Amino acid sequence: MCGIVGAVAQRDVSPILLEGLKRLEYRGYDSAGLAIVDNENVIQRIRVLGKVNQLQQEHDNSPLSGGTGIAHTRWATHGKPSVSNAHPHICREKIALVHNGIIENHESLRQQQKQAGFEFKSETDTEVVVNGIYQALQINPDILEAVFETITRLEGAYALGVINSDDPKRLIAVRKGSPLVIGIGIGEYFIASDVFALLPVTQRFIFLEEGDVADIRRDSLVIYDKNRKVTERPINVSELSADVADKAGYRHYMLKEIFSQPDAIAESLKNRVDEDQVVISEFGQNAESVFSQVKAVKIVACGTSYHAGLIAAGWMEEIANISCHVEIASEFRYRKSVVTESTLFVCISQSGETADTLAALQKAKQEPYISTLAICNVAESTITRESELVFLTHAGPEIGVASTKAFTTQLVALFLLVIAIGRNNGVSKEDENIFVRQLESLPGRVNQLLLHKDEIEAMAKNFADKHHALFLGRGSFLPVAMEGALKLKEISYIHAEAYAAGELKHGPLALVDKDMPVVAVAPNNHLLEKLKSNLQEVQAREGKLFIFADKNSEVEASDSVVVLKISTIYDFMAPILYTVPLQLLAYYVAVIKGADIDQPRNLAKSVTVE
Ligand code: G6P
């Protein structure tokens with residue numbers, strides 16, 4: 001994945017492109033570049049190895065200026081992060097191009113182009129596209145036709161922005177398999193991987209559809225569909241404000257986002273519950289009828305969203321008496337699976353753009369699921385547009401790469417789904433009223449947990465010099481442990497594994513010694529005594545324990561046991577709450593280690609490639 005921005009305007013577009021890139025950095029940040037057609041109609045380019053700030057510095061030293069330009073922030077797929085692999089790529093000083101996605105047949109195109117005399121300056125899959133456009137232009141000098149001709153030869157996923165020094169007031173944009181929006185200004189147009197990049201310059205957007213090609217000039221926009229027919233796409237007015245990217249005084253976005261969870265949860269519940277009942281129409285017009293027929297649920301997602309699915313599966317079976325199976329999207333999409341009668345397909349995605357989850361949804365739409373439901377945080381995303389039913393978490397934009405508030409609001413959304421489906425399967429009106437009130441108490445309870453931040457910061461000091469950590473949980477708390485381990489490895493680079501506590505003796509116990517911190521999640525539930533026995537096994541091997549325990553669970557601190565006591569929490573809500581201290585633990589370990597918390601190495605927030 002990567003982020004792309006482009007603009008055609010009367011004014012100098014370089015500040016717009018640089019600001020856009022900063023807002024797209026969550027998509028990748030190993031290298032960056034921009035290219036502008038200057039006043040002499042020459043393409044000028046700056047590229048750097050590193051982040052957009054470095055590109056900004058380079059640009060400050062020798063600014064580019066012009067009314068047509070494209071820019072890119074990269075997350076390397078083909079070819080290491082380097083200046084020569086950074087976009088924009090240029091062919092023979094005529095065509096410049098930025099690309100988000102993967103060209104799968106780049107090897108064969110590269111061979112053909114080498115034979116035709118092209119020299120390659122990068123190791124990327126992208127360079128074949130810019131060369132291909134140049135080749136096509138030699139036959140038909142119209143840039144739009146050249147792009148049409150080139151994309152017929154491409155296999156894979158690509159959002160493209162293309163400029164041509166011979167036709168300097170024109171920008172061609174292509175969307176296939178990777179997201180791309182057009183921003184509409186007054187006498188100017190923009191393109192970007194998402195609306196967020198363009199909010200400082202416009203609130204009006206067109207979402208290109210699969211296979212669309214846009215021919216953009218300052219004063220005209222023509223969109224062609226996948227059959228090359230001129231088409232109209234609706235204009236959407238975004239309600240997002242440009243300043244959502246503010247850290248609000250917090251040191252990192254991640255910390256701000258952890259602390260904004262009470263508000264995010266409250267927002268996600270607002271208008272979704274009424275008189276202690278779930279408002280089912282919030283899942284879509286048809287939801288009531290679909291949910292009344294559901295006999296099984298299939299959940300598919302990636303990363304943190306997958307962990308939310310695992311927790312929800314426990315609720316679905318225990319509360320709604322509905323069989324629920326959860327699968328990683330990259331596995332599901334390539335596997336033959338059997339769809340049982342009246343199964344609802346649910347995909348969970350913070351960004352709504354994750355390539356594997358989107359492909360899983362597209363596969364599900366071809367199969368006999370009763371309906372498809374997306375749980376997503378981005379209203380205008382591809383996954384929400386492709387799904388029949390949609391429930392939007394109202395977490396607000398999440399900037400830190402490690403997901404926090406998106407996760408806890410996904411859990412809230414999933415709990416509402418469990419209640420909604422459970423209405424026809426044993427959840428009484430009284431049960432529903434109780435659950436809704438418990439959900440409504442979550443913001444206050446998360447706030448109480450956040451008060452433990454200093455204790456958790458002190459706890460974090462024990463991890464900073466460690467290379468490995470083990471996370472243990474049982475039942476619904478196994479996915480909580482998995483999420484805690486994922487957070488730690490993502491941002492502190494400590495190798496962390498989560499295990500079902502009962503599995504400890506079947507392998508990982510061999511790893512336990514005084515250098516292996518073991519984190520356990522110990523709510524006061526029916527599995528507590530079993531968990532305590534598992535923890536004894538750790539203590540007997542000199543393992544140091546860090547236990548997040550219910551204050552009534554009679555787990556006491558000692559030389560080898562650090563305990564954070566948590567107020568008693570309603571059983572079903574506890575996975576949501578126990579996640580919060582684990583987020584803080586990972587955060588403070590990463591702070592001590594001096595890691596790049598909001599932009600951890602090798603990762604990106606929105607993974608729009610396979
Ligand atoms: C990336 C992010 C994770 C996220 C996962 C799935 O790996 O770094 O934080 O959980 O993608 O993303 P989604 O947007 O589909 O929830």
Side-chain angles (χ1 to χ4, degrees), residues 1-3 24-30 75 77 178-179 193-194 196 252-254 257-258 264 268 299-312 326-333 346-362 373-387 390-393 395-414 479-480 482-493 496 498 579 582-583 586-587 590 595-610:
M1 62 248 124
C2 301
L24 288 176
E25 251 187 328
Y26 71 89
R27 303 178 68 86
Y29 36 78
D30 58 43
W75 184 82
T77 57
S178 297
S193 299
D194 74 15
F196 192 55
H252 296 98
Y253 284 115
M254 183 179 176
E257 287 156 5
I258 291 172
S268 298
I299 300 179
V300 174
C302 301
T304 290
S305 299
Y306 168 68
H307 295 156
L310 291 174
I311 293 170
V326 192
E327 203 166 332
I328 293 167
S330 56
E331 291 295 317
F332 172 82
R333 64 181 289 190
V346 179
C347 56
I348 311 169
S349 175
Q350 179 279 130
S351 62
E353 301 294 349
T354 302
D356 286 321
T357 310
L358 177 59
L361 170 63
Q362 278 155 349
L373 165 67
I375 293 187
C376 188
N377 196 38
V378 181
E380 301 96 348
S381 64
T382 313
I383 285 177
T384 55
R385 279 182 284 130
E386 295 266 318
S387 196
V390 176
F391 186 94
L392 289 174
T393 50
E398 191 178 66
I399 313 286
V401 164
S403 186
T404 52
K405 62 177 181 171
F407 177 71
T408 42
T409 54
Q410 283 168 352
L411 289 174
V412 167
L414 288 159
V480 173
M482 291 164 79
E483 178 56 13
L486 177 64
K487 288 285 90 74
L488 189 69
K489 65 186 141 196
E490 277 180 313
I491 60 169
S492 76
Y493 314 144
T579 303
L582 296 182
Q583 296 168 342
Y587 174 79
D596 192 346
I597 290 175
D598 288 328
Q599 296 179 337
R601 69 185 181 205
N602 307 340
L603 300 180
K605 184 138 199 84
S606 177
V607 185
T608 54
V609 293
E610 257 198 87

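Note that ligands are numbered from 1 as they come in the structure, with each ligand's atoms numbered from 1 the same way. From a predicted model like this one, the values you see are computed outputs, not experimental measurements.
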Check: Tyr26 and Asp194 side chains under 4.5 Å, non-hydrogen atoms: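 Sidechains of Tyr26 and Asp194: in contact.
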
Kindly indicate whether the side chain of Leu414, heavy atoms from C-beta on, has any atom under 4.5 Å from the side chain of Ile348. yes

Residue pair [X] / [Y]: nearest heavy atoms and the distance that separates them:
{"X": "Ile383", "Y": "Leu361", "value": "O-CD2, 3.7 Å"}
{"X": "Asp356", "Y": "Cys302", "value": "CB-SG, 4.0 Å"}
{"X": "Ser403", "Y": "Glu483", "value": "O-OE2, 3.7 Å"}

Quick one: look up the protein heavy atom nearest [atom] and list residue, atom name and how far away it is.
{"atom": "atom 6 (C) of ligand 1", "answer": "Cys302 O, 3.4 Å"}
{"atom": "atom 7 (O) of ligand 1", "answer": "Val607 CG2, 3.8 Å"}
{"atom": "atom 8 (O) of ligand 1", "answer": "Ala604 O, 3.0 Å"}

Tell me whether Thr354 has any N or O atom under 3.5 angstrom from an N or O of ligand 1.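 Yes; the residue has a nitrogen or oxygen that sits under 3.5 Å from a nitrogen or oxygen of the ligand.
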
I want to know if ligand 1 touches Gln410 in the polar sense, i.e. an N/O pair below 3.5 angstrom. no

Just which atoms of ligand 1 are under 4.0 Å from any heavy atom in [X]?
{"X": "Ser351", "answer": "13 (P), 14 (O)"}
{"X": "Thr304", "answer": "10 (O)"}
{"X": "Ser403", "answer": "9 (O)"}

Do side-chain atoms of Glu353 reach the backbone of Ser178 as a donor and acceptor pair under 3.5 angstrom?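 Here the side-chain-to-backbone pair does not exist.
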
For the backbone of Ala308 and the side chain of Gln410, can you confirm whether one donor and one acceptor N or O come within less than 3.5 Å of each other?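 The answer is no, because no donor-acceptor pair under 3.5 Å joins these two groups.
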
Taking only non-hydrogen atoms of Ala402, do any sit less than 4.0 angstrom from ligand 1? no

Check contact between Val401 and ligand 1, using heavy atoms of the residue and a distance below 4.0 angstrom. yes

